[in-house]
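Just so you know, these numbers use all the heavy atoms, side chains as well, and skip hydrogens, waters and symmetry mates. Keep in mind the model is a prediction, meaning the values are calculated, not measured.
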Amino acid sequence: MKRNFIVTTGLIDAWEFNENNFLLGNWCEFYENNNFDKNRFDNKILEKTTIIKNIHHWNDYDKRIKDYEYLKKKIEYLLEIISNKLSAIHNVKEDKEYWRIIIYNWLNQYAITIFDRWESVRIFFEKNKDKKFYTNFIPFNELDYLPKSHVNFEKNSQKDEWNHLIFLRLFNFLNIQKLSLIEKKIAKNNLNQMLVKKKNKQSIISLSIDIIDNIVSKFAFKFNRIIFESFSFPKKEYLKICLRCKLIPAVYSNFFDFDIKESNLLKNDKRIKLKNLLLNIDTQDKFIQFLLSNLHKDIPKSYLENFDKIKEKFLPFAKKKKIIISMHSIFHNDNFKIYLAEAKKVGSKYIHTIHGGGIKLKIYTSHDMIEKISDKIITWDNTEQNKDLFVNLSPTLPIIKLKNPKFGNDCSIVLYELRKYILKFPTGPVSDQLIEFFGEMIQFVNKLNPEIKSKVKFRLKGNGDYNFAKNLPEMFGKKNIDLASFNNPFEKTILNSKLIIVTYPQTAFSVAMYSNIPTILISKDHWKFSETALHTFNDLKKNNIVFENFNEAEKHINKNWKEINLWWKSENVQFARKRFLANYFNVKSNWHKEWSDYIYFSLPS
């Protein structure tokens, strides 16, 4: 008789093929991913394997909103505790706002990651109270997954091995009576190796620019009163701004990207001290108890062992008051975050530039972190009410320099992709919903008229873990794949398109709308919009720019394909398009002067 077995991850050795395999989530389905060794297990074994799938807990949107509010409150509580403990460990007197800059986004992602796994386990056993289970315990070494940095933690969070450890920690903490853990020792060469994603090769010109920028950046950082860091702006116009503001033009592309050289004899005294301090926290919340008892195993070295060295490296630069304008680094780059926290102590100002935008959503992955650490926020969103904090300036993406684009012939479909494991709080579909959406999209494409179907190109970033980049060529052929790369930017896709179909209401949709190439958004109710944005969404829906149903989109496209410009250039459609752009992607005719004036008048006197 088959026994009930819990599959926790996509590790092949975490399965028992002759049992009833209960999957905690879609991430367990290794055989649908590139990293499955098909030579090891033939189809006959898979055919006779019993698989029982689990529904993701955040399919329920009401629960998602409730959890969002709970986590937002708890992360702020945790920030207070950990800020206090880190100050004690490093023997400094820094307040919570100092540590918010450095650790909030990591803490936010860590709490969400652990809570997602916690809820997956808790709800699974609530639903299966009457059953007994067993699962494999693979003895990985925890120290092999000690992250050096925030970025390193993010990589760990997508590894089956690290997630296997997290689930084992949960099982042990919860002490589930109807679950048996069976140790399974395996050879290292049997482990499921994560795919190594190759970096795009730089051109000789790009590489030369980086080398020159590295040299220039050190001088520019000392001299310039305004620092543009991880900032996207058209090169020619950026040079003009630098000339007007008397700044040495630099992009600091690698200034904050370096690794601390670690001593082999480095002691873990700070980590042990943090463990002991956190164990003394008294809380009745079981989830918080679990998180605090495990945080010392997962917190990056950049906040503990390597913190002093990083701080020492940037302290000379942080002593000079600056205005720092940045887009990306505040989310992941620990070196930049430590520099910024120190720089703000001497009066430096941080201006955050939001790097994307679409129809405004109800919730944000980083909660209100940006609002709390920024002195000003530059946004594309013209509906923001807090004018003291938010500054509405034109987007600076390459599309804004595209003049009178000509129509191509392709029917381009821009796909939404997800990581294998949840890392950030989901603002759109979770894995179950995305897989269902993908299936509906395939049916939709197959229902398009043959002439249209032959011109379909799937635009992929290739950074998702649900294998679209492998499955789609098998279904439609390699010629139907449009893979994003340094040499194949989205602007190229736009110029090749007769129609652009976007499957998520974010930056790609805004850019396509601005191009004035006929554009359609297919957006199911996985995305929840703010009250103001909902009016815009309904206006676009009324004019057949937005569809919530694949069948309706298919009928509209089949009907209008041959003369699609007649629909797109109609007065009502163009009015709805322009109203959307005015709210969420408002490129002014004098966008360069607008930015130049803002930077010039921001210069410290």
Side-chain angles (χ1 to χ4, degrees), residues 8 24-25 54 56-89 95-97 99-100 102-129 142 153 156-157 162-163 165-179 271-300 303-304 363-369 372 421-427 430:
T8 56
L24 281 182
N54 193 34
H56 196 276
H57 60 96
W58 277 331
N59 277 15
D60 181 344
Y61 192 78
D62 289 337
K63 180 185 185 303
R64 199 188 299 192
I65 289 296
K66 182 180 177 183
D67 291 346
Y68 178 81
E69 295 301 331
Y70 164 80
L71 285 166
K72 182 178 179 181
K73 181 179 177 181
K74 292 300 180 182
I75 290 164
E76 196 66 27
Y77 164 75
L78 290 167
L79 178 67
E80 186 83 48
I81 291 170
I82 296 165
S83 296
N84 179 272
K85 304 312 176 193
L86 287 176
S87 286
I89 288 167
D95 61 15
K96 181 174 73 172
E97 297 314 310
W99 290 109
R100 185 188 302 278
I102 297 170
I103 69 167
Y104 184 90
N105 201 43
W106 172 80
L107 183 60
N108 174 48
Q109 289 184 351
Y110 183 63
I112 289 164
T113 296
I114 301 301
F115 185 79
D116 172 63
R117 312 320 185 249
W118 170 279
E119 287 292 272
S120 296
V121 171
R122 181 186 67 80
I123 293 170
F124 177 85
F125 281 100
E126 276 187 5
K127 289 180 178 178
N128 295 281
K129 289 178 181 178
E142 292 268 11
F153 164 77
N156 277 351
S157 75
W162 183 81
N163 281 281
L165 286 170
I166 297 298
F167 284 119
L168 289 177
R169 293 185 206 168
L170 281 165
F171 293 151
N172 287 316
F173 178 86
L174 294 169
N175 193 25
I176 300 162
Q177 297 301 308
K178 291 189 175 183
L179 174 66
R271 197 165 292 270
I272 294 166
K273 189 174 182 180
L274 178 65
K275 174 187 175 180
N276 294 332
L277 288 170
L278 295 180
L279 285 175
N280 290 328
I281 302 298
D282 184 26
T283 175
Q284 299 303 308
D285 187 316
K286 292 291 184 184
F287 167 68
I288 297 299
Q289 285 177 17
F290 175 75
L291 188 143
L292 289 173
S293 66
N294 284 276
L295 187 141
H296 71 280
K297 300 175 184 176
D298 301 308
I299 188 170
Y303 309 145
L304 282 175
I363 58 177
Y364 294 92
T365 58
S366 57
H367 302 293
D368 54 359
M369 177 190 82
K372 287 187 174 179
Y421 291 95
I422 280 181
L423 171 66
K424 303 175 183 178
F425 199 90
T427 56
V430 291

Legend entry - Lys178 atom NZ, neighbour heavy-atom count above 12 within 6.0 Å: yes
Inset, instruction - Classify the ring geometry between Tyr68 and His367 as parallel (under 30°), tilted (30 to 60°) or perpendicular (over 60°). - result: tilted
Inset, instruction - Measure the CD1-CD1 distance between Ile288 and Ile114 for me, rounded to the nearest 0.5 Å. - result: 11.5 Å
Inset, instruction - Measure across Ile112 and Thr365 and return the closest heavy-atom pair with its distance rounded to 0.1 Å. - result: CD1-O, 4.3 Å
Legend entry - Close side-chain approach of Tyr104 to Glu76, heavy-atom, < 4.5 Å: yes
Inset, instruction - Specify whether Phe153 and Trp106 have parallel, tilted or perpendicular ring planes, treating 30° as the upper limit for parallel and 60° as the lower limit for perpendicular. - result: perpendicular
Inset, instruction - With sequence neighbours excluded, tell me which residues meet side chain to side chain contact (heavy atoms under 4.5 Å, CB included) with Asp298. - result: Tyr110, Trp162, Ile166, Arg169
Inset, instruction - Look only at the side chain of Gln289 and the backbone of Thr283, and say whether a donor-acceptor pair between them is shorter than 3.5 Å. - result: yes
Legend entry - OG-NZ distance between Ser366 and Lys424, expressed to the nearest 0.5 angstrom: 8.5 Å
Inset, instruction - Verify the distance criterion only: is there a donor paired with an acceptor across the side chains of His56 and Asp116 at less than 3.5 Å? - result: yes
Inset, instruction - Verify whether one side chain among Tyr77 and Asp285 offers a donor that lies under 3.5 Å from an acceptor in the other. - result: no
Legend entry - Audit row: Asn163, Thr8, side chain to side chain contact (heavy atoms under 4.5 Å, CB included) steps and yes/no: CA-CA 8 Å; Asn163 281 281; Thr8 56; over 6 Å; no
Legend entry - Phe125 vs Phe171 side-chain heavy atoms within contact, under 4.5 Å: yes
Legend entry - Value rounded to 0.5 Å, distance of CD1 in Ile75 from CD in Gln109: 10.0 Å
Inset, instruction - Determine the minimum heavy-atom distance between Ile363 and Pro426, stating which atoms define it. - result: CD1-O, 3.7 Å
Legend entry - Exercise: identify the closest heavy-atom pair between Ser157 and Tyr421: O-CB, 3.5 Å
Legend entry - Charged N-O contact under 4.0 Å between Arg122 and Glu119: yes
Inset, instruction - State, yes or no, whether a side-chain contact exists between Arg64 and Val430 at a heavy-atom distance under 4.5 Å. - result: yes
Inset, instruction - Find out whether Arg117 and Ile422 are in side-chain contact, i.e. whether some heavy atom of one side chain is under 4.5 Å from a heavy atom of the other. - result: yes
Inset, instruction - For the pair Leu291 and Lys74, evaluate side chain to side chain contact (heavy atoms under 4.5 Å, CB included) and give the outcome as yes or no after the intermediate values. - result: CA-CA 11 Å; Leu291 188 143; Lys74 292 300 180 182; over 6 Å; no
Legend entry - Side-chain touch Leu79/Ile103, heavy atoms, less than 4.5 angstrom: yes
Inset, instruction - Flag the pair Leu174 / Trp118 as yes when at least one side-chain heavy-atom distance between them is below 4.5 Å, and no otherwise. - result: yes
Inset, instruction - Decide yes or no for Leu274 and Leu295: does some side-chain heavy atom of the first lie under 4.5 Å from some side-chain heavy atom of the second? - result: yes
Inset, instruction - Indicate the atoms forming the closest heavy-atom contact of Arg271 with Ile299, along with that distance. - result: NH1-O, 2.9 Å
Legend entry - Atom pair NZ/CG of Lys85 and Leu278 - distance to nearest 0.5 Å: 7.5 Å
Legend entry - Test item: Gln177 side-chain N/O and Asn175 main-chain N/O as donor-acceptor pair under 3.5 Å: yes
Inset, instruction - Identify the two heavy atoms, one from Ala111 and one from Phe287, that lie closest to each other, and give their separation to 0.1 Å. - result: O-CZ, 3.7 Å
Inset, instruction - Check step by step if side chain to side chain contact (heavy atoms under 4.5 Å, CB included) holds for Leu279 and Ser293. - result: CA-CA 6 Å; Leu279 285 175; Ser293 66; 4.2 Å; yes
Inset, instruction - Count the heavy atoms of every other residue, nucleotide or ligand shown that sit under 6.0 Å from NZ of Lys63, and state whether that count exceeds 12. - result: yes
Legend entry - Side-chain (Asn84) to main-chain (Glu80) donor-acceptor, under 3.5 angstrom: no
Legend entry - Inter-residue atom distance Leu304.CG - Lys273.NZ, 0.5 Å rounding: 11.0 Å
Legend entry - NZ on Lys372 to NZ on Lys96, rounded to 0.5 Å: 6.0 Å
Inset, instruction - Check whether any side-chain heavy atom of Asp368 lies under 4.5 Å from a side-chain heavy atom of Lys72, and answer yes or no. - result: yes
Legend entry - Exercise: identify the closest heavy-atom pair between Trp58 and Asp67: NE1-OD2, 2.8 Å
Legend entry - Leu86 and Ile102: CA distance, side-chain angles, deciding distance, side chain to side chain contact (heavy atoms under 4.5 Å, CB included) verdict: CA-CA 11 Å; Leu86 287 176; Ile102 297 170; over 6 Å; no
